[in-house]
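Right, one structure below, let's go through it.
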Amino acid sequence: MRIGVFVCHCGSNIGGTVDVPGVAQVARAYPDVVFSSDTMYACSEPGQAAIVDAIREHALDGVVVASCTPRMHEPTFRRTVERAGLNRYMFEMANIREHVSWIGKDREANSNKAAELVRMAVEKLRLNAPLYPKSFDVTKRVLVIGGGVAGIQAALDCADGGIEVVLVERESTIGGKMAKLDKTFPTVDCSSCILGPKMVDVSQHPNIRLYAHAEVEKIGGYVGNFKVDVRRKATYVDWELCTGCGLCMEKCPSKKSPDAFNEHVGVTTSINIPFPQAIPKKAIIDPTSCRQFVKGKCGVCAKVCPTGAIRYDMEDQVVTEEVGAIITATGYDLFDYTRYAEYGGGRYPDVITSLQYERLLSASGPTGGHVKRPSDGKEPKTVVFIQCVGSRDRSVDRPYCSGFCCMYTAKQAVLTKDHIPDSRSYVFYMDIRANGKMYEEFTRRAMEEYGVQYVRGRVSMIVPQGDKYLVRGVDTLLGEQVEVPADLVVLAVGAESSHGAPQLAEKLRISYDNYGFFMESHCKLRPVETNTAGVYLAGACQGPKDIPSSVGQGSAAAAKVLGLFSRGRLESDPQISQVDVRRCVGCGKCITTCPYGAIEWMELRGEMKARVIETVCQGCGICTVTCPQGAIQLQHFTDNQILAEVNALCLS
Amino acid sequence: MPVLKGKELRVVGFLCNWCSYGGADTAGVGRFSQPTDLRIIRVPCSGRVDPMFVVKALLGGADGVLVSGCHPRDCHYSQGNFYARRRLETLKTFLPALGIDPDRFQYTWVSASEGQRWKNVVSTFVEKVHQLGHAPRIEEAAPYLPLAEKGDTLPAPLRPLAWPAAGTLTASLEQLREKIRAALPELDCVIGWQQGFDALHATPLFMRKPEDVDKLTWGPLNVHNLATYLPQFKNRKVGVVVKGCDSRSVIELLQEKLVEPDNVRVFGMACEGVVDVERVRKAMEPAEGAACTDVAPAAVAVEGDGLAFEGDTPVRLKLADVVAEKCRTCDTPVPLLGDVVEGNASAPAGPGPDAPPSLEALDAMTPEQRRGFWRAQMDRCLRCYACRNACPMCVCRDHCIAESRDPHWTTQEGNVREKLQFQVIHALHLAGRCTECGECQRACPVNIPVLALKQWMNRSVLTLFDYRAGVDVNAVPPLLAFAVEEKNIKEHGL
Amino acid sequence: MMSFARYIARGELARALDDMARGRVAYAPRREGDAVVFRPRAEGEEPLLARATVPPKGVIFPQSERLFAFIREKDPNDPGRTTVRLDSTVDIEPALIFGGRPCDARGFHIFDRVYLNGPYRDPYYAARREATVVVTLACTKAGSTCFCHWTGCGPADATGSDILLTPVGGGDEGGFVAMAVTERGCAVLEQANLPEADAARMDAAQAVHAATQAALDAQSPAPDLSATPARLLERFSDADFWRDMSDKCLSCGACTYLCPTCYCFNITDENDGGDGMRGRRLRSWDNCMSSLFTREASGHNPRMGKALRLRNRVGHKFSYYPQLHEGVVSCNGCGRCITGCPVSVDIREMVVRATQANEETPNA
Amino acid sequence: MPDAITPQAGVHATTLGTGFTDNPYLPDVATVLETVQETPAIKTLRVRIDDPARMESFRFNPGQVGQLSLFGVGESTFVINSPPTRMDYLQFSIMRAGEVTAALHGLKPGDKVGVRAPLGNWFPYEDMRGKDIVFVGGGIGMAPLRTLLLYMLDNRADYGNITLLYGARTPTDMAFRDDVQEWLGRSDMQTTLTVDQAPEDWPHRAGLIPHVLLDLAPSNANSVAVLCGPPIMIKFTVEALKKLHFADEQIYTTLERRMKCGIGICGRCNIGTKYVCVDGPVFTYAELKDLPNEL
């Protein structure tokens with residue numbers, strides 16, 4: 001090999017504490033090094049030009065640059081050597097800035113260390129081989145998991161961009177949490193008025209195939225070519241025929257079914273369309289309460305249905321969809337407030353969650369928009385809002401801020417005043433977090449225009465007294481005990497990861513944090529990507545978010561997908577594992593340990609061998625360590641390459 | 001460039017590209033001053049760090065090795081550091097067996113944003129290595145050979161070892177032969193034992209014809225673990241006769257799908273212990289003179305708890321005194337699977353297996369003595385790889401990395417370092433898979449106590465993962481799995 | 001030559017050895033763990049007389065040795081120009097091997113025919129062989145795996161030795177008759193200032209030889225192996241035979257490395273660490289039982305499978321070598337391959353069966 | 001640079017030779033003059049031994065092999081495929097297969113290699129004088145034939161008709177293109193090319209070598225056939241030659257084996273009593289038939 005070494009001064013960043021020309025001089029004695037020089041700024045235009053020139057002049061086939069961290073400029077220099085006709089992997093970097101010159105002042109020690117790092121890089125490079133990405137076709141369809149506002153936005157943007165969308169929603173209607181809201185802050189717009197049209201667009205868009213009441217069961221394949229099994233759960237109603245007329249609901253004799261859409265405020269019929277604006281607007285039977293299922297006889301709905309759509313014998317169906325990218329927008333769930341014994345632990349009927357309160361406020365809700373407390377249907381005159389229920393509380397393992405509770409509490413207090421002009425509202429809070437556009441102004445209005453009483457402090461106990469609830473707490477600003485007799489207590493419950501999120505993450509082979517929220521690729525710079533190529537995040541599945549952020553991420557994820565699909569074919573990273581079939585004994589240990597399912601069995605002349613699916617492998621190298629005979633090697637980080645570095649250091 | 005003699009020690013770091021390498025960069029960007037001793041090797045993931053790299057470095061002259069990856073759950077590859085944690089913790093508990101101070105190796109987690117933490121990690125670790133000083137080289141240790149002199153005695157076995165009366169034994173054996181004869185037509189062959197080249201030695205028997213079955217023997221001379229032969233019969237139907245301990249190897253092979261359940265027919269008998277031929281020979285050996293060492297009795301008879309040797313000078317030995325070490329602590333005298341004929345072996349009397357004597361001997365040594373011990377033992381290793389080829393779990397055989405150049409883990413030099421390196425490879429590759437049948441040690445033509453390394457490893461695996469190999473066909477070997485929260489691995493506070 | 005004989009009283013042995021080994025490193029059997037191996041002996045050290053587990057061939061044919069070092073040197077003015085210098089300097093240590101048995105010493109004779117008298121002379125072996133005096137101990141007992149008398153060797157065979165010691169008498173009364181076999185043996189023996197062995201002691205030594213030979217004959221009458229080379233070739237394609245013979249073989253290398261006559265080796269290059277500019281070409285023991293022995297880079301292996309490899313091992317020792325070397329078999333009947341084999345593969349059985357069974361099943 | 005081992009007391013540091021001539025394990029250091037990428041898998045190296053005197057006195061016969069080594073990687077055996085009549089350099093053609101061959105493929109002019117040569121026997125070119133010669137080469141098997149063919153062309157008058165049948169899998173797998181072009185143009189020999197898979201514009205024969213050979217039907221009278229190629233080709237080509245009534249003694253081929261020492265000591269390349277490194281690599285089919293069947 002003919003190796004060139006370029007040692008960078010980086011101005012005085014390296015040159016200040018490392019004998020840069022000395023390192024270049026020493027490197028000249030290393031095996032296969034035929035050229036070395038020092039350079040002021042290797043990454044600069046003249047610096048790169050010098051590298052290109054040297055490659056040509058000295059017929060170099062490998063280059064080492066000793067400068068800053070490869071995390072900064074490895075891509076830069078790879079492009080440089082490529083410009084001179086070398087393969088981009090015939091390049092190594094020695095980090096003599098972050099790992100040498102910036103962390104010590106001993107010039108002798110630094111120079112010695114820099115020389116050794118160059119030596120290791122040379123030894124590794126001597127075993128490098130050109131690697132070539134493979135290109136493959138892309139299925140230009142996207143799977144969106146979750147039909148909340150983020151998923152809807154992503155689906156619509158993708159569909160508008162001209163690609164086919166498969167939208168899978170666990171519930172029987174899309175809309176998610178937003179569909180349950182009465183109004184949105186800070187404009188107090190009607191939630192269903194702004195979301196409704198988008199939902200309709202979804203149902204009517206020719207590029208969107210919607211599977212409601214369905215779940216993702218299995219995901220195989222890789223970026224560009226995923227295969228997804230979707231389980232369409234039985235609805236017992238043939239949606240092809242159902243017109244959503246609602247006659248069945250009217251006649252249904254079983255009226256004690258839990259009303260999930262209304263957050264279990266009240267009950268509903270066993271055959272049911274969740275709400276008037278539901279998309280798809282189709283009926284679904286709850287077999288746990290339906291008489292036909294429980295008692296074996298009834299059949300009323302079947303008799304009244306004008307289109308004959310009822311199918312009591314319907315079974316789950318699994319459909320397979322092929323897509324090239326996946327956007328997960330599975331949203332969030334609410335914190336289970338019954339864990340707080342001091343708030344009654346769920347035993348007090350008039351201590352309700354903020355989302356239940358939304359339903360009470362909503363004109364399409366169980367009370368038709370009249371605020372009535374659940375216990376006796378009376379209109380409450382004193383309403384207490386308690387914030388940070390399941391947020392910012394280490395004792396319940398929810399140390400994070402849910403972000404949007406401050407705002408919706410202010411909104412609900414304002415709406416309370418609108419609904420019941422003679423009411424009084426109290427808000428117990430820790431801090432007001434209102435860091436959005438017009439947010440701070442909105443909370444101010446709640447306090448100042450609507451006279452909402454904000455009490456800074458934590459509620460220590462709620463005690464029922466007669467038909468009221470004594471809410472005891474401390475006003476930490478005044479430093480005194482407060483006790484408010486409330487007719488209704490609304491708990492601003494925090495957000496937590498959607499149930500089943502970790503299981504979905506494992507199917508998607510993406511990471512999730514301690515709380516079950518999905519991990520983005522980079523917290524700042526890659527907020528909607530995951531570390532699994534082709535899988536993107538939108539909305540609160542990544543962490544608590546308000547509507548504008550969710551919508552923004554939905555669009556961002558859609559843009560990523562459209563960007564991905566804008567290329568005709570995709571290239572796979574060649575830094576992946578490769579099986580030497582001559583060494584492979586077919587023990588399958590690599591298949592067991594691969595976190596990506598990127599290794600499969602193949603038959604070769606009657607023997608079973610391992611084979612890497614090039615587009616699925618992410619290049620972690622777990623398999624290489626697992627393989628006892630070293631038959632599967634991670635390219636660019638082979639055993640011999642790493643051993644060469646170890647030997648250069650340790651066998652001297 | 002001047003060589004920094006004495007000022008620095010040799011410290012090698014393996015850092016994952018995504019978190020810890022970034023963390024080290026962050027520390028650099030923050031200008032956090034750090035010791036200069038550390039040389040960092042960038043790898044994609046801590047899951048790429050083969051424990052053998054660490055061993056290679058430490059045997060090759062590194063004074064300290066540090067591995068750092070993403071925090072658990074934060075792995076860029078979602079699971080790499082979970083695997084790394086198990087592998088590296090296992091290694092850490094193993095290093096003392098070689099006389100290497102485990103403090104010379106550390107693994108930890110540093111994220112890309114934790115520059116300050118990285119500085120602390122490096123400073124603390126390098127300081128620790130400086131406290132320990134230059135790593136002593138195993139090949140330079142003073143040889144330490146506690147003489148295993150003739151007549152050294154084993155501690156008493158945990159169960160009474162007594163074979164059934166000759167009549168009962170013959171009857172059981174005849175039953176076993178019947179079963180084999182019945183099964184033979186549908187099998188390629190059945191592997192058992194027969195009389196070997198002298199009265200003291202049995203040898204594996206491959207029964208293909210009914211008359212071969214007459215040669216089958218049963219008794220304390222059937223030392224070999226015949227499960228070793230099973231993987232080579234891939235895709236063919238084969239029968240095998242097993243002792244209790246051998247059955248664990250069959251289970252492990254089934255568990256790892258190295259043999260197919262449909263293709264293996266297991267025949268078992270309860271075992272009352274097999275002899276250590278070396279011990280018998282030593283017990284029978286005349287005073288050291290100009291004799292050849294391979295003197296054998298004319299015949300051997302099993303008499304309950306003893307063995308009678310006929311010959312020039314008849315000798316009677318108690319089984320308990322010449323039994324193989326593994327039988328002393330055996331708790332599986334009856335095969336755990338298969339078609340078992342005789343199932344009445346005595347159960348262990350003690351509370352359960354305690355440390356095998358050779359492991360106890362290793363435990364009792366100082367680190368320096370251990371280095372000297374392995375130096376002296378490995379010095380006579382012939383690199384014949386009988387230890388490997390006799391091992392039922394070594395299925396790579398023709399592709400073993402001991403002799404390959406790609407990957408090139410060991411050289412062909414006949415020195416202690418290369419020889420020991422292979423023993424470490426063997427022990428690490430068997431971590432969580434070794435059923436402690438002892439074939440490696442029995443097979444060694446120069447009697448190197450290599451089993452002690454595996455016993456040490458097995459103890460580590462039991463402590464860390466609460467796991468014994470070869471007991472449950474449906475279990476997963478611990479190093480091929482992980483737990484998000486490890487019960488018995490404490491995070492190392494660096 | 002045989003007339004040059006001395007007597008060493010039992011108590012004088014250590015002193016006599018010190019004298020014989022003057023200026024040489026003396027290798028003698030030493031117990032290490034449960035094994036007996038040849039190790040450099042300290043002056044005055046009472047030697048162990050047990051037969052070693054491993055023959056002393058490594059003294060002359062090391063387990064691994066450097067053939068030469070290569071040093072890459074760069075042109076200081078043009079780092080693109082590198083020359084390579086080879087350094088074939090080796091350490092040759094004047095040595096003495098004490099306590100090997102006739103089967104061990106004869107091993108060197110088997111080597112000599114290939115290493116010294118073949119188409120090329122092996123300079124490494126030659127230098128060590130030249131520098132090493134072999135002092136052999138005749139056998140007084142027959143081990144259960146001994147079959148030296150089958151192979152042209154024997155309990156008092158002096159082939160390959162410089163001096164042959166025969167134990168005579170018993171206990172403290174006893175001693176050794178030391179017979180010089182070569183000129184060099186004479187010179188070395190003379191260094192020890194020993195009394196001449198008288199006729200009675202010479203007779204006693206002869207009696208010991210005869211008695212051991214008789215014990216061996218009684219244990220296993222030597223078969224006639226003269227037809228074996230041809231018979232083994234006839235057997236060559238008898239796949240069932242070789243399968244039966246090799247069924248239990250584990251394909252390890254214990255037999256070959258314990259064998260005093262197995263001389264095969266491998267050559268590999270290793271690079272040093274440090275500046276990466278130097279390395280070594282090594283010659284190390286190799287083993288025909290390993291699949292790697294004949295596996296070609298293409299993956300093709302003419303001896304795929306242990307049956308074919310075992311066939312070559314037996315064939316080499318009892319057919320090819322004797323055909324090339326005047327009927328001398330390259331096996332001295334030491335039996336170490338049998339005792340050392342983890343599964344007791346018995347070469348005697350293979351040779352006898354290959355020789356005899358032909359008439360019964362002529363399916364070659 | 002203290003590279004020699006420091007002598008210890010009582011130890012003689014002895015230098016065992018300086019090159020292949022006085023130590024058969026010690027290569028002569030040689031320099032790569034030129035490389036030719038013959039096919040995607042075959043590369044030709046032209047080397048000269050650095051010691052001018054050694055190069056000057058270097059003598060060999062067509063068919064002899066050499067051990068070519070890359071220091072730090074290892075040695076492998078290749079036939080010297082330039083003829084003894086052209087001693088500007090020694091030419092080796094290397095098919096990429098394992099570690100050593102891959103490393104040799106990476107060499108550039110100026111790089112150093114080790115050469116231990118000549119080794120083994122050779123084609124009995126003296127005995128072949130006056131006879132018709134039929135060369136049949138398949139793939140990399142053309143290399144050993146090249147040396148003999150060029151030698152004969154350089155001594156053209158000594159030999160009768162020369163027929164060459166050279167086959168490869170595809171046209172791109174055909175090595176020695178310049179030579180082949182020249183041979184095709186020569187009137188004093190008959191050159192036939194064939195490939196297993198022929199593209200549309202392939203002007204030569206298509207089909208397996210034995211078939212084409214039967215078609216060419218060279219006469220066995222006063223002829224010898226020299227074959228080299230993969231084992232399966234040899235097997236069927238011999239059958240074809242038998243059909244053409246060539247006697248076993250008229251058929252020559254060269255064998256390949258894994259070798260280490262190359263000098264008949266290390267013990268792995270034997271077929272029965274014959275060591276391919278010293279008794280071969282050239283055997284007549286008659287000799288091969290006498291050997292145990294272990295190829």
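A quick note: this is a predicted structure, and the numbers were derived from the prediction, not measured. First the proteins, then the strands, lettered A, B, ... as listed; each starts at 1. Reckoned from all heavy atoms, side chains included, excluding hydrogens, waters and symmetry mates.
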### Query
Is there a side-chain contact (heavy atoms from CB on, under 4.5 Å) between V446(B) and Y257(C) once you walk through the steps?
CA-CA 11 Å; V446(B) 289; Y257(C) 296 154; over 6 Å; no

### Query
At a heavy-atom separation under 4.5 Å, does Q232(B) approach chain C through its side chain, its backbone, both, or neither?
side chain

### Message
Between K248(C) and F206(B), does the side-chain contact (heavy atoms from CB on, under 4.5 Å) criterion hold? Intermediate values first, please.
### Response
CA-CA 8 Å; K248(C) 61 188 172 188; F206(B) 288 68; 3.7 Å; yes

### Message
How close do L382(B) and W285(C) get, counting heavy atoms only, and between which atoms?
### Response
CD2-CZ3, 3.9 Å

## Note on the structure
The interface call for N415(B) against chain C, heavy-atom contacts under 4.5 Å, is neither

### Message
For the residue pair K419(B) / Q63(C), report whether a side-chain donor-acceptor contact shorter than 3.5 Å exists.
### Response
yes

### Query
When you check the gap from the basic side-chain N to the acidic O, do R295(C) and D398(B) get nearer than 4.0 Å?
no

### Query
Quick one: does E65(C)'s side chain get under 4.5 Å of E413(B)'s, heavy atoms only?
no

### Task
Heavy atoms only, distances under 4.5 angstrom: which of E439(B), R208(B), H399(B) has the most pairs with chain C? Name it, please.
R208(B)

#### Entry: Under 4.5 Å from a heavy atom of chain C, the part of R397(B) involved
neither

### Message
Please classify the contact of L282(C) with chain B as side chain, backbone, both or neither, using a heavy-atom distance under 4.5 Å.
### Response
side chain

### Message
With a 4.5 angstrom heavy-atom cut-off, is it the side chain or the backbone of A199(B) that approaches chain C, or both, or neither?
### Response
neither

### Message
Which atoms of S290(C) are under 4.5 Å from chain B, going by heavy atoms: the side chain, the backbone, both sets, or neither?
### Response
side chain

### Message
At a 4.5 Å cut-off on heavy atoms, which part of R283(C) comes close to chain B: side chain, backbone, both, or neither?
### Response
neither

### Query
What's the spacing between S344(C) OG and Q194(B) CD if we round to 0.5 Å?
10.0 Å

### Query
So which part of E278(B) gets closer than 4.5 Å to some heavy atom of chain C, the side chain, the backbone, both or neither?
side chain

#### Entry: Which atoms of R442(B) approach chain C - backbone, side chain, both or neither, heavy atom under 4.5 Å
side chain

#### Entry: Option in I338(C), T212(C), T256(C) with maximal non-hydrogen atom pairs under 4.5 Å from chain B
I338(C)

### Query
What part of R388(B) lies closer than 4.5 angstrom to a heavy atom of chain C: side chain, backbone, both or neither?
neither

#### Entry: Any donor-acceptor N/O pair, S64(C) side chain to Q412(B) backbone, under 3.5 Å
yes

### Query
What part of S404(B) lies closer than 4.5 angstrom to a heavy atom of chain C: side chain, backbone, both or neither?
neither

### Task
Give, as side chain, backbone, both or neither, the part of Y385(B) having an atom under 4.5 angstrom from any heavy atom of chain C.
backbone

### Which portion of D286(C) sits near chain B, non-hydrogen atoms under 4.5 angstrom
neither

### Query
Which answer fits C381(B), side chain, backbone, both or neither, if we ask what part of it has an atom under 4.5 Å from a heavy atom of chain C?
backbone

### Summary
Max heavy-atom pairs within cutoff under 4.5 Å with chain C, candidates V277(B), T228(B), T411(B), goes to T411(B)

### Query
For R243(C), is it the side chain, the backbone, both or neither that has a heavy atom under 4.5 Å from a heavy atom of chain B?
side chain

### Query
Any side-chain heavy atom of R405(B) sitting closer than 4.5 Å to one from T268(C)?
yes

### Message
Quick check on D247(C) against chain B: is it the side chain, the backbone, both or neither that has a heavy atom closer than 4.5 Å?
### Response
both

### Summary
Among L250(C), N266(C), L292(C), the residue with the most heavy-atom pairs under 4.5 Å to chain B is L250(C)

## Note on the structure
When the 4.5 angstrom heavy-atom criterion is applied to V37(C) and chain B, the contacting part is side chain

### Task
Please report the shortest heavy-atom distance between A386(B) and P342(C), naming the atom on each side.
CB-CG, 4.0 Å

